[in-house]
Amino acid sequence: MKRHLMAALLATSAMATAASACEVTLRSSDTHPEGYPTVVAVQEMGKMLEERTNGRLCIEVFHSAQLGQEKDTIEQTQFGVIDMNRVSMGPFNNIIEETQVVSLPYVFRSVEHMHNVMDGPIGDEILAAFEQHDLVGLAYFDGGSRSFYNSQKPITSMEDLAGMKFRVMQSDIFVDMVGALGANATPMPYGEVYSSIQTGVIDGAENNWPSYESSGHFEVAGYYTLDQHLIVPEVLVMSKASFDKLSAEDQAIVRQAAKDAVPVMRALWAEREKVSEQKVRDAGVEVITDIDKTPFIEAMKPVYEKHVTSDKLKDLVTRIQATE
């Protein structure tokens, strides 16, 4: 932890001069590379803030995991060392109960369904839950649909998954999901996946088209199965300590700018998905689309029974499923 805190402070110091024109520069972390839709969206949010506050506020985005992997940056954001953070929902599952529901396999019927849920009162309710954990939930970004990829063989059924080792995010739900499908889950940071597949520590992982492509994982895992087991939104959060230092006026501007960055991100995401898929296909990856998802969905029953235990979570699942 101390090592990551020091890295954050050093990186912040190095970038301070470039952002010195603003009265307050919010330091924002992202594990994705420069040009990735989430990175660009937060940069656009920064432009909105600078314009709407007449230069009082701006954002400096530290992309490519410069400040650490997601688990570490969440802690740094809670402590106020990092001001803002774009994070996958999975790492929050063991911290914020409500985030477990939107991380459940097949809880969303489509990306459109996910948008309708997260853009409405259910999404606002989940964002509000972050404040009890020293964070302010600002907005949701798209994470696409996640599917399995591996270095060994085409996966066309659950039987093909038996005994295989897959990296998952550090979330109990993701571990249990893989186990329910008959495979073995290995939680590990995103940055370790490439070498772990390359050296045979794991057989593969699961992710969306842009992450599969931008990470280079397709170079070492040449089989991609479109089972689309997860459609998990990502979240932009702010340190409550940093947020509370702002005036009420600036807090409202930050919240609105975050919301206004969402359509920017979604447009970039839709385009990036197409580009990434084409690049992967052109590289010769075998993409498996002919797959019956029904057994996968039915296998998730014990995952729901284990993780959806409180009345609060059961109600959230019911309301999500009832959303058109």
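Just so it is clear, the structure is predicted and the values come from calculations on it, not from any experiment.
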Which ring pair (Phe, Tyr, Trp, His ring centres under 6.0 Å) pairs, counting each pair once, include a residue from residues 91-110, with sequence neighbours left out?
-> F92-F130, F108-H113
Where at least one partner belongs to residues 229-248, residue pairs that pass ring pair (Phe, Tyr, Trp, His ring centres under 6.0 Å), sequence neighbours excluded | F148-H229
Is there a side-chain contact between [X] and [Y], using heavy atoms and a 4.5 Å cut-off?
| X | Y | answer |
| --- | --- | --- |
| D119 | Y140 | no |
| M238 | V254 | yes |
| I202 | M188 | yes |
| I288 | I155 | no |
| I173 | P105 | yes |
| L316 | E98 | yes |
| P91 | Q170 | no |
| V107 | L230 | no |

Does the gap between the ring centers of Y224 and W209 come in under 6.0 Å?
-> yes
Considering non-hydrogen atoms only, spot the tightest contact between [X] and [Y] and give its length.
| X | Y | value |
| --- | --- | --- |
| S29 | N85 | O-OD1, 3.3 Å |
| V111 | I231 | N-CD1, 4.0 Å |
| L226 | K293 | O-CE, 3.9 Å |
| K240 | V136 | CA-CG2, 4.0 Å |
| K259 | A139 | N-CB, 4.4 Å |
| Y190 | S214 | OH-OG, 4.4 Å |

Could you see if [X] belongs to whatever hydrophobic cluster contains [Y]? Use Ile, Leu, Val, Met, Phe, Trp, Tyr and a side-chain cutoff under 4.5 Å.
| X | Y | result |
| --- | --- | --- |
| L236 | I122 | no |
| M118 | L268 | no |
| V232 | F166 | yes |
| V87 | V42 | no |
| I291 | Y223 | no |

Are any side-chain N or O atoms of [X] and backbone N or O atoms of [Y], one a donor and one an acceptor, separated by less than 3.5 Å?
| X | Y | value |
| --- | --- | --- |
| S64 | Q66 | no |
| N184 | K165 | no |
| S88 | G90 | no |
| S239 | T77 | yes |
| R27 | V81 | yes |

Testing the 3.5 Å rule here: is there a donor-acceptor pair between the side chains of [X] and [Y]?
| X | Y | answer |
| --- | --- | --- |
| Q76 | D72 | no |
| T323 | N116 | no |
| N93 | H307 | no |
| T294 | D292 | yes |

Residues in salt bridge (charged side-chain N to carboxylate O under 4.0 Å, His left out) with [X], at least two apart?
| X | result |
| --- | --- |
| E273 | none |
| D260 | R52 |
| D172 | none |
| D30 | R86 |

Look up atom [atom1] in [X] and atom [atom2] in [Y], then write down how far apart they are to the nearest 0.5 Å.
| X | Y | atom1 | atom2 | result |
| --- | --- | --- | --- | --- |
| E192 | S196 | CD | OG | 6.0 Å |
| F174 | S103 | CZ | OG | 5.0 Å |
| Y36 | F141 | OH | CZ | 12.0 Å |
| I320 | L104 | CD1 | CG | 8.0 Å |
| T53 | L246 | OG1 | CG | 10.0 Å |

Start with the C-alpha gap between Q69 and T31, add the side-chain angles, then the distance that decides, and say whether side-chain hydrogen bond (donor to acceptor under 3.5 Å, both in side chains) holds.
-> CA-CA 6 Å; Q69 297 297 326; T31 56; 5.4 Å; no
With sequence neighbours left out, write down each residue that passes side chain to side chain donor-acceptor pair (under 3.5 Å) with [X], or none if nothing qualifies.
| X | value |
| --- | --- |
| S247 | none |
| N208 | S211 |
| E305 | none |
| K153 | none |

Would you say [atom1] of [X] has more than 12 non-hydrogen atoms from neighbouring residues, nucleotides or ligands within 6.0 angstrom?
| X | atom1 | result |
| --- | --- | --- |
| D311 | CG | no |
| E51 | CD | no |
| K71 | NZ | no |

Mind checking what makes side chain to side chain contact (heavy atoms under 4.5 Å, CB included) contact with K245, not counting sequence neighbours?
-> none
If you look only at pairs with a residue in residues 121-135, which of them pass as a side-chain hydrogen bond (donor to acceptor under 3.5 Å, both in side chains), with sequence neighbours excluded?
-> E125-R319, E131-R255
Salt bridge (Lys or Arg N to Asp or Glu O under 4.0 Å) assessment of E50 paired with K47 = CA-CA 5 Å; E50 191 167 358; K47 294 177 184 177; over 6 Å; no
Check against salt bridge (Lys or Arg N to Asp or Glu O under 4.0 Å), K279 and E213 | CA-CA 7 Å; K279 182 175 179 179; E213 175 265 314; 3.2 Å; yes
Evaluate the criterion salt bridge (Lys or Arg N to Asp or Glu O under 4.0 Å) for residue pair E206 and R146; output intermediate values, then yes/no.
-> CA-CA 6 Å; E206 51 81 51; R146 299 174 73 98; 2.9 Å; yes
Charged N to carboxylate O under 4.0 angstrom, R266 versus D142?
-> yes
Name the orientation class of the two ring planes belonging to Y212 and F218 (parallel below 30°, tilted from 30 to 60°, perpendicular beyond 60°).
-> perpendicular
